[in-house]
Amino acid sequence: MKRTDDCGRFRKSDIGRTATLMGWVQSRRDHGGLIFIDLRDREGITQVVFNPTLSPDIHKQAHGLRSEDVIAVHGQVEPRPAGTVNPQLSTGEVEMIAEDLEILNPAKTPPFPIEDNVLVSENLRLKYRYLDLRRPRMLANLKRRHQILRAVRNFLDGHGFIEVETPHLTKSTPEGARDYLVPSRVNPGQFYALPQSPQLFKQILMVAGMERYYQIARCFRDEDLRADRQPEFTQIDLELSFVDREEILLLMEAMLCEVFLAVKGIHLQTPFSRLSYPEAMDRYGTDKPDLRFGLEIHDVSSLVSDSSFQVFQETLNRKGVVKAMVLGGKAMLSRKELDELTEVAKGLGAKGLAWVKVSAEGFESPIVKFLGEPLLRKLSGALSAKTGDLLLFVADQLKTAREVMGGLRVQLSERFQLIPADQFHFVWVTDFPLLEYDETEQRYVAMHHPFTSPLDEDLPLLETEPRRVRAKAYDLVLNGSEIGGGSIRIHRRDVQIRLFKRLGIEPASAQEKFGFLLEALEYGAPPHGGIALGLDRLAMILSGAESIRDVIAFPKTQKATCLLSDAPSSATERQLKELHIQTEIVE
RNA sequence: GGGGCCGUAGUUCAGCUGGUUAGAACGCCGGCCUGUCACGCCGGAGGUCACGGGUUCGAGCCCCGCCGGCCCCGCCA
């Protein structure tokens, strides 16, 4: 038999057609007389009817069909009898009357049903990934991922980008994440590293005059996993010559508009919101704020500076701050619920959480007597609080207070369901500091990466006030998730050397690690910059997936193993010998 | 490296204060059933309670260890 159609296509207009379908048995309903089979393939489900009076032999065969058997069915498309139409199926108005049946491959009973909304342990799903991927939601997720990439390639192709592949076997570089190493057989004792990103190669491509490059790039980072982090992941990676920041941001906005239109049929609002890094940290306590809801953080340090509340006073005396947030309409929370919020705050690193209820009768709080009515009125005025609102205060050093309030903001939005459904709120975060001081290493490290250009006007501060140097870097945040980041790069050797020096990378070391880049910068490197978007996270959000594993065909477990193939595993003596490697497990 | 949750039938789970033969639903197997689509009805099989120790007259349950899965902190330029 030869397949003529897929299981999702038949409608009323196909009635009378003769066709052959091939697919998997989704379910069998055996009435003794009639047997109904739901036949499933990638495109949908068609009901197949086996009638003992019409084709007794075929009917007898159909009796033995079981879930996930792979079959071919030949027959005629007929209308379903009145009253038996299934509106839940796109093919529900018709059915195929089987005239011929071939069992292409019988299947063992699957360890879990091939359906959405069936709870299955992650263990089983990953071990039998080929069954898990048969489930409609997983199939839809992979299709959606494909649609995203198709839209991206379409867009970039239309904007003059050239897709170039860069090596997977490359050079380990200092800074950044832990590398995956690959031993070299031909060069005993030496190792390649898998790329954490194609960063240097794409910059070299700019020097090569490519002008506009992109790549759907697999990246590898040997760090611990999270719900939104896998050790190998995919970036939509691009780099452009002769552009400024503004051009790149607008280009990405246009690209994402196309992606969302193609994938979701949604017209995104442009331009995207923008926040400077200091603004994001002040108002949302994080550099990846979720702007789908308010709950902004306010600094009330100066307002409460002469209150008699000891906790505030002592914090301010120690150069700390007092941060406040208004939780709208939550003055009715019970003491128990407020205690729970306090525990949440403590879990985030706070010493405590002060609260004030704004009620019709006045202010209610254990600290009313310390703050006093006039000050509370001033506070609630400054915070635009209304009757029925709950004010929350955290007093601590700036860094902790931000972290606590930022974390609290997210947790409160979940707990009180303040996040509107089906909203996609993009925000660009700009003007990151170029450097941050690493306490354990006792030196400055690049906040983005060591090839990021400082703002021109801040360049002179590099040696004198490194903390104040801002970078030409930008992150793209969607619904509180960092989905991309990039920068304008350094394209002059002298500036790059100054930055390496600032990072504590001496000229000799810089030459060894990045010599090829430094040399390339001398041969007419154009000004350039770029960005990389995390495809997996984007796909996650567009799919409403809770885990990055649900948008990756073959993901790793939290211990970075593959339950399907059982990787990683030990190497044979012979392999190791060829690689000039001995293994010894060091505890 | 650290904190937390989980592991009992093929699957998802229940299993009381430690006490008789470890249960339910779905799935599976057999039978009946000609309009079902969560088909229905009758019957049946199915257990290394993850694993290893310990406490106890007695452990699915308590203790210690260990393996595995998940979430988080650190880490992720």
Side-chain angles (χ1 to χ4, degrees), chain A residues 26-40 45-54 59 63-64 66-68 78-89 91-92 95 97 108-115 117-128 131 173-179 196-197 199-200 219-231 233 347-349 403 407 411 432-436 438 440-441 444-452 471 473 475 482 485-487 499 503 505 532 534 546-547 549 555-559 561 563 566 587:
Chain A
Q26 176 69 36
S27 68
R28 178 187 62 126
R29 294 175 295 280
D30 187 341
H31 287 230
L34 291 178
I35 295 173
F36 299 95
I37 297 286
D38 286 344
L39 190 62
R40 184 196 74 237
I45 284 178
T46 294
Q47 173 164 281
V48 181
V49 185
F50 295 88
N51 190 319
T53 52
L54 295 179
H59 176 266
H63 188 74
R66 292 295 181 270
S67 289
E68 300 307 308
E78 298 279 342
R80 292 199 186 191
T84 65
V85 165
N86 185 349
Q88 288 169 316
L89 283 184
T91 59
E95 60 195 8
I97 309 300
K108 285 172 72 174
T109 303
F112 54 85
I114 312 302
E115 288 164 34
N117 305 320
V118 188
L119 277 180
V120 187
S121 77
E122 203 72 19
N123 246 324
L124 267 188
R125 291 180 58 191
L126 294 175
K127 179 172 175 193
Y128 297 97
L131 299 180
T173 53
E175 313 279 310
R178 199 175 290 115
D179 285 318
Q196 298 176 25
S197 88
Q199 183 59 37
L200 291 177
C219 305
F220 305 86
R221 295 179 190 174
D222 187 6
E223 299 292 349
D224 287 342
L225 292 83
R226 288 287 187 281
D228 63 352
R229 250 163 55 188
Q230 282 273 309
F233 60 99
L348 292 163
E403 281 169 11
Q411 297 227 10
F432 280 81
L434 183 70
L435 304 161
E436 55 189 342
D438 186 319
T440 41
E441 291 201 37
Y444 285 96
V445 295
M447 196 156 176
H448 187 56
H449 58 51
F451 318 105
T452 299
D475 272 1
E482 185 199 324
S487 62
L499 181 53
L503 294 171
I505 305 171
E546 304 233 318
S547 164
R549 293 183 300 278
K556 304 269 187 297
T557 68
Q558 192 159 54
K559 284 193 70 188
T561 66
L563 294 182
D566 204 30
E587 291 303 327

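Chain letters run A, B, ... following the sequence lines, proteins first, then strands; residues in each count from 1.
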In whole Å, measure the gap between the [atom1] atoms of [N] and [M] for me.
{"N": "G18(B)", "M": "A24(B)", "atom1": "C1'", "answer": "23 Å"}
{"N": "G68(B)", "M": "A22(B)", "atom1": "P", "answer": "31 Å"}
{"N": "C73(B)", "M": "U12(B)", "atom1": "C1'", "answer": "31 Å"}
{"N": "A25(B)", "M": "A38(B)", "atom1": "C1'", "answer": "12 Å"}
{"N": "G58(B)", "M": "U21(B)", "atom1": "P", "answer": "15 Å"}
{"N": "G7(B)", "M": "C63(B)", "atom1": "P", "answer": "14 Å"}
{"N": "C13(B)", "M": "G35(B)", "atom1": "C1'", "answer": "35 Å"}
{"N": "C49(B)", "M": "G10(B)", "atom1": "C1'", "answer": "16 Å"}

Taking only side-chain N and O atoms of [X], does any of them lie within less than 4.0 angstrom of OP1 or OP2 on [N]?
{"X": "Ser121(A)", "N": "U12(B)", "answer": "yes"}
{"X": "Gln26(A)", "N": "C37(B)", "answer": "no"}
{"X": "Thr561(A)", "N": "G69(B)", "answer": "yes"}
{"X": "Gln88(A)", "N": "C37(B)", "answer": "no"}
{"X": "Arg549(A)", "N": "C71(B)", "answer": "yes"}

Any side-chain heavy-atom pair of [X] and [Y] under 4.5 Å:
{"X": "Thr173(A)", "Y": "Gln199(A)", "result": "no"}
{"X": "Leu434(A)", "Y": "Tyr444(A)", "result": "no"}
{"X": "Arg80(A)", "Y": "Gln47(A)", "result": "yes"}
{"X": "Thr109(A)", "Y": "Arg66(A)", "result": "no"}
{"X": "Asp30(A)", "Y": "His63(A)", "result": "yes"}
{"X": "Leu435(A)", "Y": "Leu499(A)", "result": "yes"}

(request) At under 4.0 Å between heavy atoms, which parts of nucleotides 28-35 of chain B does protein reach? Answer with one letter per nucleotide, 5' to 3': B base, S sugar-phosphate only, - none. (result) SSS--BBB
Who is the Watson-Crick or G-U wobble partner of [N], with both distances under 3.5 Å?
{"N": "C70(B)", "answer": "G4(B)"}
{"N": "U34(B)", "answer": "none"}
{"N": "G27(B)", "answer": "none"}

Value in whole Å for how far the [atom2] atom of [N] lies from [atom1] of [X]:
{"X": "Arg29(A)", "N": "U36(B)", "atom1": "CZ", "atom2": "C1'", "answer": "5 Å"}
{"X": "Leu124(A)", "N": "C70(B)", "atom1": "CG", "atom2": "P", "answer": "13 Å"}
{"X": "Asp179(A)", "N": "C75(B)", "atom1": "CG", "atom2": "P", "answer": "18 Å"}
{"X": "Ile114(A)", "N": "G27(B)", "atom1": "CD1", "atom2": "C1'", "answer": "12 Å"}
{"X": "Gln411(A)", "N": "C73(B)", "atom1": "CD", "atom2": "C1'", "answer": "13 Å"}
{"X": "Glu403(A)", "N": "C72(B)", "atom1": "CD", "atom2": "P", "answer": "17 Å"}
{"X": "Phe50(A)", "N": "U36(B)", "atom1": "CZ", "atom2": "C1'", "answer": "14 Å"}
{"X": "Leu119(A)", "N": "C6(B)", "atom1": "CG", "atom2": "P", "answer": "16 Å"}

(message) I'd like to know if the side chain of Arg28(A) reaches the main chain of Ile35(A), judged simply by a donor and an acceptor atom lying under 3.5 Å from each other, with no hydrogens or angles considered.
(response)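 Pair absent, no side-chain N/O of Arg28(A) close to backbone of Ile35(A).
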(message) Holding to side-chain hydrogen bond (donor to acceptor under 3.5 Å, both in side chains), I want the full list of residues that pass it with Glu68(A), two or more places apart in sequence or in another chain.
(response)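 Only Arg40(A), Arg134(A) meet the side-chain hydrogen bond (donor to acceptor under 3.5 Å, both in side chains) criterion with Glu68(A).
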Would you indicate what [X] reaches in the nucleic acid, counting non-hydrogen atoms under 4.0 angstrom: base, sugar-phosphate, or nothing?
{"X": "Val120(A)", "answer": "sugar-phosphate"}
{"X": "Ser27(A)", "answer": "nothing"}
{"X": "Asn123(A)", "answer": "sugar-phosphate"}
{"X": "Ile45(A)", "answer": "nothing"}

(request) Classify the side chain of Asp224(A) versus the base of C75(B) as yes if they form a donor-acceptor pair under 3.5 Å and no if they do not. (result)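 Answer no: no donor N or O sits under 3.5 Å from an acceptor.
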(message) Between C76(B) and Arg229(A), counting only base atoms on the nucleotide and side-chain atoms on the residue, is there a donor-acceptor pair under 3.5 Å?
(response)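 Check passes, donor-acceptor contact within cut-off.
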(message) Side chain of Arg226(A) only, heavy atoms from C-beta on: which candidate in C37(B), C76(B), C75(B) is closest?
(response)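 Closest nucleotide to the Arg226(A) side chain: C75(B).
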(message) Measuring from the side chain of Lys559(A) (C-beta onward, heavy atoms only), which nucleotide among C76(B), G69(B), U11(B) has the closest atom?
(response)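 Nearest to the side-chain atoms of Lys559(A), counting from C-beta on, is G69(B).
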(request) Could you check Arg221(A) against Asp228(A) and say which one's nearest nucleotide on RNA chain B is further toward the 5' end? (result)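 Closest to the 5' end, via its nearest nucleotide, is Asp228(A).
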(request) For Glu223(A) and for Ala227(A), find the nucleotide of RNA chain B with the closest heavy atom, then tell me which residue's nucleotide is more 5'. (result)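 Its nucleotide being nearer the 5' end, the pick is Ala227(A).
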(message) Can you tell me which residue among Gln230(A), Glu122(A), Gln558(A) is in a side-chain hydrogen bond (donor to acceptor under 3.5 Å, both in side chains) with Arg549(A)?
(response)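 It is Glu122(A); the other options fail the test.
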(message) Whether Arg29(A) and Asp38(A) form a salt bridge (side-chain N of Lys/Arg under 4.0 Å from carboxylate O of Asp/Glu) is what I want to check.
(response)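 Here Asp38(A) pairs with Arg29(A) in a salt bridge, since their nearest N and O are under 4.0 Å apart.
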